[in-house]
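See below for the structure under consideration.
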Amino acid sequence: MNGNKRGFWRSPLRGPWFTSVLGLVLLIGLPVLFVTGLLSYAAYNPDLGRGNDHTPDRGILGFFLFPWPTSPHWLYRVTQGIHVIGGFVLIPVVLAKLWSVFPRLFQWPPVRSLTHALERGSLLLLVGATLFELVTGVLNTQLDYLFPGSFYRVHYYGAWVFFAALVVHVALRLGKLRRGLRDEGGEELRAPDPAPSTISRRGAVALVGAGSLTLFAVTAGQVTGGPLRRTALLAPHGGADPGPEQNGFQVNKTAAGRGIRAADTGEHWRLRLRGPGGDLALSRAELLELEQHTVRLPIDCVEGWSTGDQTWTGVRLKDLAALAGAEPDHMYVESLQRAGAFRQVWLRANQVRDGRSLLALGVNGAPLSKDHGFPARIVVPNNPGVHQTKWVERLTIGRPV
Ligand SMILES: Nc1nc2c(c(=O)[nH]1)N[C@H]1C(S)=C(S)[C@@H](COP(=O)(O)O)O[C@H]1N2
Ligand SMILES: [Mo]
């Protein structure tokens with residue numbers, strides 16, 4: 001299409017004001033997704049190496065990593081809730097913004113100068129990376145890790161491409177955005193021969209807002225848990241409530257799905273404990289004889305949903321460390337599960353030291369169900385769900401090598 005055919009696009013809504021209003025929302029919203037995403041990445045303690053680290057080639061892109069705290073215990077629930085729900089909410093805004101500038105895709109000549117080429121190149125990266133992040137993110141929340149290990153990798157590197165392109169785009173366009181909010185400049189965005197309007201510009205913005213609100217309404221319940229969870233139509237697995245009574249809250253991976261056989265979790269099961277004091281093997285009955293502690297903590301999945309607070313009972317990780325002859329230190333957790341991601345993970349010393357960190361044996365007054373990790377699972381405050389290992393087989397106290 002050449003320049004003269006700009007007249008093909010006739011919507012009177014297109015123009016600097018509409019594009020700038022949407023741009024302003026994205027200028028605030030997308031960086032929030034970026035930052036909460038980096039926090040989620042940090043929450044995995046990826047610097048502890050194998051098992052925690054899904055992006056071994058990150059190099060300097062890991063510069064911001066820090067020991068993820070255990071308090072406040074609701075922090076990950078909030079940051080990841082914002083990340084996932086915010087991602088859904090911004091989808092209509094991204095689509096509307098792309099629609100508002102869509103005719104510009106066909107501008108002629110496509111490249112006028114070196115600066116123009118750089119500008120369009122960065123835009124291509126920005127649009128591509130934004131759509132890529134939204135699509136991979138949505139697929140991950142809906143389809144239960146469509147690309148297991150590689151999701152972290154592609155979503156993480158995609159985020160950095162997005163961020164670099166955003167910086168260039170903002171540097172080039174901030175002035176236009178300012179003028180656009182006053183409905184000035186940006187003539188190239190307007191239809192040269194607009195059709196009569198059927199809806200006001202404000203009406204159109206309200207429509208986009210209504211789309212975002214709808215998405216908010218059908219996703220937010222997954223973070224609060226409880227009765228509101230039923231409103232979370234877009235929560236993973238349709239928000240199914242899995243088990244009976246005390247164990248009746250969200251399950252992500254079932255025991256059957258993870259290949260956990262009843263024979264492995266029966267009376268022959270032993271917790272293998274390894275530390276400077278040597279190796280120990282404890283039956284479930286022996287674990288129940290140790291001092292039991294009770295905590296109220298949620299399981300918060302990277303997919304954005306939370307179980308809400310549940311009452312877990314079990315043995316403190318630091319007591320287990322002491323039993324293995326060690327000061328509370330890093331702890332390597334291995335699951336009975338034989339294959340798949342998240343079967344082994346490092347916990348950091350601050351997590352092991354925290355008195356609320358348990359090897360849980362029961363929940364809400366009942367023994368753990370097999371889907372919630374029977375015979376024993378890890379529960380650590382402010383820990384991403386994937387590190388709340390179920391069907392624990394071995395705990396090793398020490399440092400990653
Ligand atoms: N061994 C093992 N533990 C695991 C998983 C797993 O796949 N294998 N999934 C994790 C994930 S992704 C989450 S969100 C929580 C879910 O816990 P729940 O099903 O008890 O709510 O368990 C975690 N523990
Ligand atoms: Mo998860």
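Ligands are counted one by one from 1 in listed order, and the atoms in each one are counted from 1 as well. All residue numbers refer to positions in the sequence shown, counting from 1. Just so it is clear, the model here is predicted, and its values are computed rather than measured.
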Please list, in number order, the atoms of ligand 1 under 4.0 Å from a heavy atom of [X].
X: T307; answer: 21 (O)
X: V251; answer: 19 (O)
X: I299; answer: 15 (C), 16 (C), 17 (O)
X: W391; answer: 1 (N), 2 (C), 8 (N)
X: C301; answer: 14 (S)
X: S335; answer: 1 (N)
X: Q250; answer: 18 (P), 19 (O), 21 (O)
X: Q388; answer: 22 (O), 23 (C), 24 (N)

* For the rings on F8 and F106, is their centre-to-centre separation under 6.0 Å? -> no
* To do: For residues F151 and H54, establish whether the separation of their ring centroids is below 6.0 Å.
  => no
* Nearest option to atom 19 (O) of ligand 1, as decided by whichever heavy atom of K390, E334, E393 sits closest -> K390
* Out of Q344, R377, R343, R258, indicate the one that has the non-hydrogen atom closest to atom 20 (O) of ligand 1. =>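 Of the listed residues, R377 has the closest heavy atom.
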* Given salt bridge (charged side-chain N to carboxylate O under 4.0 Å, His left out), test R272 with D279 step by step and report yes or no. => CA-CA 7 Å; R272 314 264 159 199; D279 288 10; over 6 Å; no
* To do: Look only at interatomic distance and state if D371 has a nitrogen or oxygen under 3.5 Å from any nitrogen or oxygen of ligand 1.
  =>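 In this structure, D371 places no N or O atom under 3.5 Å from an N or O of ligand 1.
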* **Heteroatom distance test (W305, ligand 1): nitrogen or oxygen, under 3.5 angstrom** => no
Does either side chain, that of [X] or that of [Y], offer a donor lying less than 3.5 Å from an acceptor on the other one?
X: T313; Y: Q292; answer: no
X: S306; Y: D300; answer: yes
X: R353; Y: T70; answer: no

* Structural part of H387 in contact with ligand 1, heavy atom criterion under 4.0 angstrom -> neither
* Should E188 and K176 count as an ion pair when the cut-off is N to O under 4.0 Å? -> yes
* To do: Going by the side-chain contact (heavy atoms from CB on, under 4.5 Å) test, name the single residue among D309, V363, T307, V251 that passes it with I299.
  =>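 Only one option passes, and that is T307.
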* Let me see the working for W391 and D264 under side-chain contact (heavy atoms from CB on, under 4.5 Å), right down to the final yes or no. => CA-CA 9 Å; W391 316 293; D264 298 332; over 6 Å; no
* Asked: Is the shortest distance from a heavy atom of E303 to ligand 1 less than 4.0 Å?
  ->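 Contact check E303 vs ligand 1: negative.
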